[in-house]
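Data first, discussion second: the structure below is written as structure tokens.
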Amino acid sequence: MNDHGTVIWFTGVPASGKSTIASLVENKLRAGGLPVENLDADEIRANLSPNLGYTAQARDENTKRLAWMGQMLSKYGVNVIVAAVSPLRSHRDRARAWCARFVEVFVDCPTEVCQERDPKGLYARAASGEVNDIAGMHMPYEVPASPEVHSRTDQVDAEACAQMVIDKLVELTYIGS
Ligand code: ADP
């Protein structure tokens, strides 16, 4: 039995599929009897820091909080799921440095497909000029250099993407098979 949990960090542009895969992974871990907490970035913002905003400094602060909560919970054996655009490599690397067990999942999908999906209406709001700070569109999204898992969500269905994450956790011996 491992005494340390894993922080599983999903990164990718909006509508790439982070939350969808994250909740499938959450369900699979829970079904396996493992403790798991899903720190959804939007929920954490809404509940802990509703006034934070989306400036560069605020995004830095938000990823810092997620990473800090992740390392705190994982110390006590909880597997922690974070789904956050987290466009900057330096922010993700900071999270990695803080967490003893860290699995970065690059949720990769072409912008055109994300725009068609648009489950939260974000790209529609960008088209009408209401939003102008989407990573991968208006501001850079720094592609992960060596993520533990690379999910092409335009090519592989969500269930298979989630299973790839579970398989990686097994391969790293962070969970049992
Ligand atoms: P994000 O959290 O990255 O903003 P969401 O998970 O909220 O994205 O939305 C992604 C959308 O794309 C959902 O409507 C989901 O059903 C759809 N989708 C289609 N194929 C996939 C896939 N392979 N993986 C994840 N989501 C997918």
Side-chain angles (χ1 to χ4, degrees), residues 6-31 36-50 52-56 58-67 69-70 79-89 91-93 95-96 102-128 130-145 147-169:
T6 304
V7 174
I8 309 163
W9 190 286
F10 294 83
T11 172
V13 299
S16 55
K18 302 178 296 299
S19 309
T20 302
I21 303 171
S23 55
L24 290 171
V25 169
E26 177 188 4
N27 293 343
K28 283 175 184 287
L29 291 173
R30 193 159 285 134
V36 55
E37 186 63 55
N38 190 345
L39 301 180
D40 183 272
D42 293 339
E43 278 180 34
I44 298 291
R45 266 179 181 279
N47 290 297
L48 285 187
S49 45
L52 191 60
Y54 290 88
T55 62
R59 286 172 191 264
D60 180 16
E61 194 57 41
N62 198 43
T63 50
K64 205 186 271 180
R65 287 177 192 183
L66 291 166
M69 280 189 274
N79 295 291
V80 180
I81 290 173
V82 176
V85 176
S86 47
L88 300 185
R89 209 171 281 153
H91 292 182
R92 300 189 301 260
D93 286 348
R96 181 185 287 281
F102 189 84
V103 166
E104 185 175 4
V105 183
F106 174 27
V107 184
D108 186 10
C109 187
T111 307
E112 313 81 72
V113 179
C114 294
Q115 280 172 313
E116 279 165 33
R117 291 176 175 173
D118 203 19
K120 292 167 194 151
L122 194 62
Y123 291 98
R125 282 163 64 208
S128 68
E130 211 184 309
V131 168
N132 65 357
D133 59 356
I134 298 183
M137 196 177 201
H138 309 105
M139 52 183 279
Y141 174 81
E142 295 176 356
V143 168
E148 278 74 11
V149 180
H150 184 168
S151 299
R152 288 290 311 256
T153 68
D154 58 324
Q155 296 174 5
V156 180
D157 72 31
E159 174 60 33
C161 290
Q163 191 56 46
M164 278 168 65
V165 177
I166 299 293
D167 291 347
K168 178 54 75 172
L169 292 170

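First listed ligand is number 1; within each ligand, the first listed atom is number 1.
- In terms of N/O distances under 3.5 Å, ligand 1 is approached by Ala158.
- Note that CD of Glu159 is 6.5 Å distant from CD of Gln163, once rounded to the nearest 0.5 Å.
- In summary, the atoms of ligand 1 found under 4.0 Å from a heavy atom of Thr20, numbered by their order in the structure, are 5 (P), 6 (O), 9 (O), 10 (C), 13 (C), 15 (C), 25 (C), 26 (N).
- Counting only heavy atoms of the protein, atom 25 (C) of ligand 1 lies nearest to Gly17 CA, 3.6 Å.
- Using a 4.0 Å cut-off between heavy atoms, Val107 makes no contact with ligand 1 at all.
- For the pair Arg92 and Tyr141, the cation sits on the ring face: its NZ or CZ lies under 6.0 Å from the ring centre, inside 45° of the axis.
- Of the protein's non-hydrogen atoms, the one nearest atom 12 (O) of ligand 1 is Arg117 CD, 3.1 Å.
- Here the heavy atom of the protein found nearest to atom 23 (N) of ligand 1 is Val156 O, 2.7 Å.
- Looking at Arg96 and Glu148, a side-chain N of the basic residue comes within less than 4.0 Å of a carboxylate O on the acidic one, giving a salt bridge.
- In terms of protein heavy-atom proximity, atom 2 (O) of ligand 1 is closest to Ser19 OG, 2.7 Å.
- For Lys18, heavy-atom contacts with ligand 1 shorter than 4.0 Å involve the backbone as well as the side chain.
- A donor and an acceptor atom, one from each side chain of Thr20 and Arg117, are nowhere located under 3.5 Å apart.
- Atom 7 (O) of ligand 1 has its closest protein heavy atom at Lys120 NZ, 3.5 Å.
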Kindly indicate, with the supporting measurements, whether the criterion side chain to side chain contact (heavy atoms under 4.5 Å, CB included) is fulfilled by Asp60 and Lys64. CA-CA 6 Å; Asp60 180 16; Lys64 205 186 271 180; 4.3 Å; yes

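- Near Val13, meaning under 4.0 Å from any of its heavy atoms, are these atoms of ligand 1: 3 (O).
- Val25 pairs in a side chain to side chain contact (heavy atoms under 4.5 Å, CB included) with only one of the listed residues (Ile81, Asn79, Val105), which is Ile81.
- Residues Lys120 and Asp42 meet the side-chain proximity criterion, which asks for heavy atoms closer than 4.5 Å.
- Considering both main-chain and side-chain atoms, Ala15 comes within under 3.5 Å of ligand 1 through a nitrogen or oxygen pair.
- Put simply, the side chain of Arg45 never gets that close to the backbone of Leu52: no donor and acceptor are under 3.5 Å apart.
- Ring planes of Trp9 and Phe102: tilted class, angle from 30 to 60°.
- Leu66 pairs with exactly one of Leu48, Asp40, Ile44, Val80 by the side chain to side chain contact (heavy atoms under 4.5 Å, CB included) rule, that one being Ile44.
- With a heavy-atom cut-off of 4.0 Å, Asp154 does not touch ligand 1 at all.
- Among all non-hydrogen protein atoms, the one lying nearest atom 14 (O) of ligand 1 is Pro119 CB, 4.0 Å.
- Using a non-hydrogen distance threshold of 4.0 Å, Ala83 does not register as a contact of ligand 1.
- When non-hydrogen atoms are compared, ligand 1 lies under 4.0 Å from the backbone of Asp157 (N, CA, C, O) but not from its side chain.
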